[in-house]
There are 2 protein chains.
Amino acid sequence: MDGYDKYAFEPFAVTVDLAVFTLRAGALHVLLVERGQEPYAGRWALPGGFVRPDEPAERAARRELGEETGLTDVSGLHLEQLRTYSEPDRDPRMRVVSVAFAALLPDAPEARGGSDAARARWTPYDSVRELAFDHGRILADARERVGAKLEYTCLATAFCPPEFTLGELRQVYETVWGTVLDRPNFRRKVLATPGFVEAVPGAARLTGGRGKPAALYRAGAATALHPPLLRPTPEGRPA
Amino acid sequence: MDGYDKYAFEPFAVTVDLAVFTLRAGALHVLLVERGQEPYAGRWALPGGFVRPDEPAERAARRELGEETGLTDVSGLHLEQLRTYSEPDRDPRMRVVSVAFAALLPDAPEARGGSDAARARWTPYDSVRELAFDHGRILADARERVGAKLEYTCLATAFCPPEFTLGELRQVYETVWGTVLDRPNFRRKVLATPGFVEAVPGAARLTGGRGKPAALYRAGAATALHPPLLRPTPEGRPA
DNA sequence: CCTTTAATAGTCGCAGTGACTATTAAAGGG
DNA sequence: CCCTTTAATAGTCACTGCGACTATTAAAGG
């Protein structure tokens, strides 16, 4: 950071790229936009855009999140910096350094094209193919991070509406991890973790279907999960 | 990432900043350089420098690491991206976006001034005061990250020489966490984790002092720690 | 040789959790 | 109105991992 004058430095363009996740129809979906121009015209990409001269990357990311999802209030949504991608050739036109973010949405409002994107669409994660630039790798990194953070944080509630049942919360884990969790054990674990969820007093109900109505909960104040809620080991890792 | 031409974008300078840690005399030390010019002339700062037009940030970080430590081979050292700091006013001269890295060194070769730093010095973490720019925050973030990663990765061996005793490994945890760990329990945990360490067959010894010589171990192939080795809860977190 | 120092070995009890079984409370069809 | 279906909720049991602790072993140094 010393001696700026002693070095010639190339100017970089700095962008943010967003991996925006939501759960829809029991599947993990990610928000993609279709590129209108070269390079990669017609290909799908992560939403994103340039960081403006007077804003930090975090604000740029939240601004883009609002533009791309069409949501009027994105202030409460979970947004977290992932890492920065800086390979010199990641954009064929110029040197672009991109700060990647992951965002989690409770439900999926229909996407609308942002001002700088031809079309925006929620896409099931498993059917994503061949994204533009290095966005495939960014998306994979984001997905892995989300899966890992479910283990030791209360992040799962970020996928849920303000009030939710334990069954819905369990489905978040099952969907993201691609596993099935034991219902009573999950319940025990969640309720035994102080601050993870808090019961909504008016013993309300909600189930759309037939069975016994479930109690409603809100996200609690806790942010970390000690001890963690580990995903079942599909072999490989020691238990 | 679409429509570059539709937007005016300011060019940014992109730098890397490094929080380089080592253990010395039973204390966590960090490598600092003294700034030679304004702003913050005479203040201590994290080593770092500009990313060159043809290199990714990771290579810039490793290059700086070699320059600042004076080590001839930094290829094996642990270097990991922390996050990116992009507040518009973090550098009073211009818009500088900095990708921060954390590096871990086994022992502390005496620092030498890099080409662009007046002086470089290993400083005990606890006596660091008032760094230039936002480096105080970067350093704090890096320290927290290192402490947290000791829990669920095999990172601790990055602080050790190629061959080390379990006592030395335990001291890594004790120093970084500022706690005392039970010797037998630590031993049991480490040896029970496959791939964490592997015994050096020639039951060599090494202790400098008086007691029974300890067996030597090398870092194993494992990278993650399942289940994790949690730091003692000094109250606050649920157990 | 005897003391000191630290590594190594082993024991006990509790908390957390995986795997299960049982019960309760509703919806919906006959 | 009853009876089946569905899902939430309650509870049991055994095993594992770990904190706390005690005992033993193997060297160094006077």
Side-chain angles (χ1 to χ4, degrees), chain A residues 26 150-152 160 163-174 177 179-194 196-197 199-200 202-217 222 224-235 237-239, chain B residues 26 150-152 160 163-174 177 179-194 196-197 199-200 202-217 222 224-235 237-239:
Chain A
L150 286 194
E151 289 192 324
Y152 57 95
C160 295
E163 299 192 340
F164 51 87
T165 68
L166 292 186
E168 290 167 348
L169 186 64
R170 185 171 42 84
Q171 277 187 26
V172 171
Y173 283 89
E174 292 183 337
W177 287 348
T179 60
V180 175
L181 298 179
D182 180 81
R183 213 186 297 246
N185 288 345
F186 178 82
R187 172 189 185 78
R188 176 180 54 182
K189 171 68 179 176
V190 171
L191 295 183
T193 303
F196 192 177
V197 298
V200 176
R205 55 197 62 177
L206 177 109
T207 317
R210 296 197 263 286
K212 173 179 176 178
L216 284 180
Y217 294 86
L225 228 55
H226 274 271
L229 176 52
L230 299 172
R231 38 191 153 177
T233 69
E235 230 148 335
R237 250 175 331 200
Chain B
L150 286 194
E151 289 192 324
Y152 57 96
C160 295
E163 300 192 338
F164 51 87
T165 68
L166 292 186
E168 291 167 348
L169 186 64
R170 185 171 42 84
Q171 277 189 25
V172 171
Y173 283 89
E174 293 182 338
W177 287 348
T179 59
V180 175
L181 298 178
D182 180 82
R183 214 186 296 247
N185 289 344
F186 179 82
R187 173 190 185 78
R188 175 179 56 180
K189 171 68 180 177
V190 171
L191 295 182
T193 304
F196 191 0
V197 298
V200 176
R205 56 197 61 178
L206 179 107
T207 317
R210 297 197 262 287
K212 174 178 175 179
L216 285 180
Y217 294 85
L225 227 54
H226 274 272
L229 177 53
L230 299 173
R231 38 192 152 175
T233 68
E235 232 147 332
R237 247 174 336 201

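Throughout, protein chains are lettered first and strands after them, A, B, ... in sequence-line order, and every chain is numbered starting at 1. All of these numbers come straight from a predicted model, not from anything done at the bench.
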Open item on the list: I'd like to check the side chain to side chain donor-acceptor pair (under 3.5 Å) partners of R170(B); sequence neighbours left out, ordered by chain and number.
Closed with: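 Applying side chain to side chain donor-acceptor pair (under 3.5 Å) to R170(B) gives E174(B).
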
Value in whole Å for how far the [atom2] atom of [N] lies from [atom1] of [X]:
X       : N       : atom1 : atom2 : answer
K212(B) : dT8(C)  : NZ    : P     : 6 Å
L216(A) : dA26(C) : CG    : P     : 14 Å
H226(B) : dT17(C) : NE2   : P     : 14 Å
L191(B) : dG10(C) : CG    : C1'   : 14 Å
R187(B) : dG10(C) : CZ    : P     : 11 Å

Give each protein N/O atom lying under 3.5 Å from an N/O atom of nucleotides 18-20 of chain D, with the pair distance.
unit_1	atom_1	unit_2	atom_2	d
dC18(D)	OP1	K189(B)	NZ	2.7
dG19(D)	N7	R188(B)	NH2	2.9
dG19(D)	O6	R188(B)	NH1	3.3
dA20(D)	N7	N185(B)	ND2	2.8
dA20(D)	N6	N185(B)	OD1	3.2

Open item on the list: Test your reading of the model: is there a side-chain donor-acceptor pair from Q171(B) to the backbone of G26(B), 3.5 Å cut-off?
Closed with: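 No; judged by distance alone, with no hydrogens or angles, the pair does not exist.
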
Task: Among V197(A), V172(A), L216(A), the one residue meeting side-chain contact (heavy atoms from CB on, under 4.5 Å) with F164(A) - done: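 One option only clears the test, and that one is V197(A).
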
Task: Paired stretches of DNA chain D - 3 or more consecutive Watson-Crick or G-U pairs, each distance under 3.5 Å - done: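 DNA chain D forms these stems: C:1-30 with D:1-30.
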
For [X] and [Y], work out which heavy atoms get closest and say how close.
X       : Y       : answer
Y173(B) : L181(B) : CB-CD1, 3.6 Å
A222(A) : P194(A) : CB-O, 3.6 Å
L166(A) : R187(A) : CD1-NH1, 3.4 Å
L225(B) : L229(B) : CD2-CB, 3.9 Å

- [ ] Give the intermediate values and the outcome of side-chain contact (heavy atoms from CB on, under 4.5 Å) for residues Y217(B) and L169(B).
- [x] CA-CA 10 Å; Y217(B) 294 85; L169(B) 186 64; over 6 Å; no

